[in-house]
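Below is one structure, written out as structure tokens, with a few remarks after it.
Bear in mind that the values here come from a model prediction, so they are computed numbers and not experimental data.
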Amino acid sequence: QVQLVESGGGLVQAGGSLRLSCAASGSIFSIGGMGWYRQAPGKQRELVAVIARGGTSTYADSVKGRFTISRENAKNMVYLQMNSLKPEDTAVYFCWGTPNYWGQGTQVTVSS
């Protein structure tokens, strides 16, 4: 079993930055890819960014050039640096780990 715990969400003005962190614990040897998804009110959960254990990353088009995903395998951590935030980035952000582990989510609110 794997537990994922997010931190770092909050309220920020448009154009600002936030850094999300996700700590993995438990049977972490089973985790390969990790990433971040988000879900805005009334919308489906969508992929934000994922990163393989070796560091290869993939981003949603909507966040390319603004968000950066990274991980520290030795610390079992994954991060999401979010810059130039927009009101449409407002959502609950979930940490994800393969095959299907999820954190409880952290709220990110961007005011205009």
Test K64 against D61 for salt bridge (Lys or Arg N to Asp or Glu O under 4.0 Å), laying out the working first.
CA-CA 5 Å; K64 283 180 181 177; D61 288 342; 3.1 Å; yes
With side-chain contact (heavy atoms from CB on, under 4.5 Å) as the criterion, how do R66 and D89 come out once you've worked through the C-alpha distance, each side chain's angles and the decisive distance to 0.1 Å?
CA-CA 11 Å; R66 300 188 298 123; D89 294 318; 2.7 Å; yes
Step by step, work out the side-chain contact (heavy atoms from CB on, under 4.5 Å) result for L4 and M34.
CA-CA 10 Å; L4 302 175; M34 297 188 72; 3.9 Å; yes
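A side-chain donor-acceptor contact under 3.5 Å links T98 to the backbone of G32. In terms of modelled atom types and a separation under 3.5 Å, the side chain of Q1 and the main chain of G26 share no donor-acceptor contact.
For S21, the side chain to side chain contact (heavy atoms under 4.5 Å, CB included) test picks out S7, M77, Y79, with sequence neighbours left out. Contacts of E46 classified as salt bridge (Lys or Arg N to Asp or Glu O under 4.0 Å), with partners at least two apart in sequence or in another chain: R38. Scored by the salt bridge (Lys or Arg N to Asp or Glu O under 4.0 Å) test, K43 finds no partners at all (sequence neighbours excluded). With sequence neighbours left out, the side-chain hydrogen bond (donor to acceptor under 3.5 Å, both in side chains) criterion links N73 to R71. Evaluation of the side chain to side chain contact (heavy atoms under 4.5 Å, CB included) rule for Q39 yields R45, F94 as partners, not counting sequence neighbours. The side chain to side chain contact (heavy atoms under 4.5 Å, CB included) check on A49 picks up Y59, I69, L80, with sequence neighbours excluded. Every residue two or more places apart in sequence or in another chain that forms a side chain to side chain contact (heavy atoms under 4.5 Å, CB included) with A52 is listed here: T56.
Each disulfide (SG to SG under 2.5 Å) pair with one or both residues in residues 75-112, not counting sequence neighbours, appears once here: C22-C95. The salt bridge (charged side-chain N to carboxylate O under 4.0 Å, His left out) contacts involving residues 8-27 comprise nothing, where partners must be two or more places apart or lie in separate chains. Sorted pairs that involve residues 31-93 and meet disulfide (SG to SG under 2.5 Å), not counting sequence neighbours, are lacking altogether.
Two rings, from W102 and Y37, have their centers less than 6.0 Å apart.
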Can I get a per-line list of side-chain donor-acceptor pairs under 3.5 Å for residues 105-112, giving both atom names and the distance, sequence neighbours left out?
from : atom 1 : to   : atom 2 : distance (Å)
T106 : OG1    : G9   : N      : 3.3
Q107 : NE2    : A91  : O      : 3.4
Q107 : NE2    : T109 : OG1    : 3.3

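The CG atom of L18 sits 9.5 Å away from the CG atom of N83 when rounded to the nearest 0.5 Å.
In this structure, V92 is not a member of the same hydrophobic cluster as V12, with clusters built from ILVMFWY side-chain heavy atoms closer than 4.5 Å. There is no path of hydrophobic side-chain contacts, each under 4.5 Å, that joins M82 to V50.
The shortest non-hydrogen separation linking S70 to I51 is CA-CD1, 3.9 Å.
The hydrophobic cluster containing V5, built from Ile/Leu/Val/Met/Phe/Trp/Tyr side-chain heavy atoms closer than 4.5 Å, comprises no other residue.
Annotation: side chain of L85 is in contact with side chain of F67 (closest heavy-atom distance under 4.5 Å). Side chains of W36 and L47 form no contact here, defined as non-hydrogen atoms less than 4.5 Å apart.
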